Amino acid sequence: MPDYYDTRGQILLRSGKFDQAVRDFDQALTLQPGMIGPLVGKAQAMSQSGKKTQAGNLLKQIDGLMTQPHDISAYSRKQLDGLRASIAE
């Protein structure tokens, strides 16, 4: 079930519906805390909506989780790389 909310969040993110995307990513994280994909998506939605400070805070949380072994999809890895670049600007 958390994958459903993560996928829908990604669709909303790509559609520019950032607030709705964040809600879906939050729902995925409620169902399965610590999932990397929804955290990356949420951070990207925040970054794209101008909330760079909050996105940066999430990036720190993601980095902390990434010190442990996690499966991360190629898409989430690409999103994460893009997020790092956008926050560095």
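If you read the sequence from its start, that first residue is 1, and numbering goes on from there. Computed from a predicted structure; not experimentally measured.
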Go through the structure and list residues passing side-chain contact (heavy atoms from CB on, under 4.5 Å) with Gln10, not counting sequence neighbours. Asp6, Leu13, Phe25, Tyr75, Gln79
For Asp26, enumerate each residue passing the side-chain hydrogen bond (donor to acceptor under 3.5 Å, both in side chains) test, keeping only those at least two apart in sequence or located in another chain. Lys42
Minimal heavy-atom distance between Ala43 and Leu83, with the atoms involved, is CB-CD2, 3.3 Å
Got a sec, which hydrophobics cluster with Leu31, joining ILVMFWY side chains under 4.5 Å apart, including via others? Met1, Tyr4, Tyr5
Salt bridge between Arg84 and Asp63, side-chain N to carboxylate O under 4.0 Å? yes
Between Leu29 and Met35, the two heavy atoms sitting closest are CD2-O, 3.5 Å
The side-chain contact (heavy atoms from CB on, under 4.5 Å) partners of Asn57 (sequence neighbours excluded) come to Thr53, Lys60
State the CD-CD1 distance between Gln20 and Ile11, to the nearest 0.5 angstrom. 12.0 Å
Quick check: closest heavy atoms across Leu80 and Val40, and the distance to 0.1 Å? N-CG1, 3.8 Å
Measure the spacing between CD1 of Ile87 and CE of Met46 and express it to the nearest 0.5 Å. 10.5 Å
Find the distance between CD (Gln44) and CG (Leu39) and round it off to the nearest 0.5 Å. 13.0 Å
Can you list, by chain and residue number, the hydrophobic cluster partners of Leu12 when the side-chain cut-off is 4.5 Å? none
Flag yes if more than 12 heavy atoms outside Lys52 fall under 6.0 Å of its NZ atom; otherwise flag no. yes
Taken in chain and number order and not counting sequence neighbours, the residues that satisfy side-chain contact (heavy atoms from CB on, under 4.5 Å) with Lys78 are none
For the residue pair Ala45 and Ala21, what are the closest heavy atoms and their distance? CB-CB, 4.4 Å
Taking all atoms of both residues into account, what is the closest heavy-atom pair of Ser47 and Ser86, and its distance? OG-OG, 3.2 Å
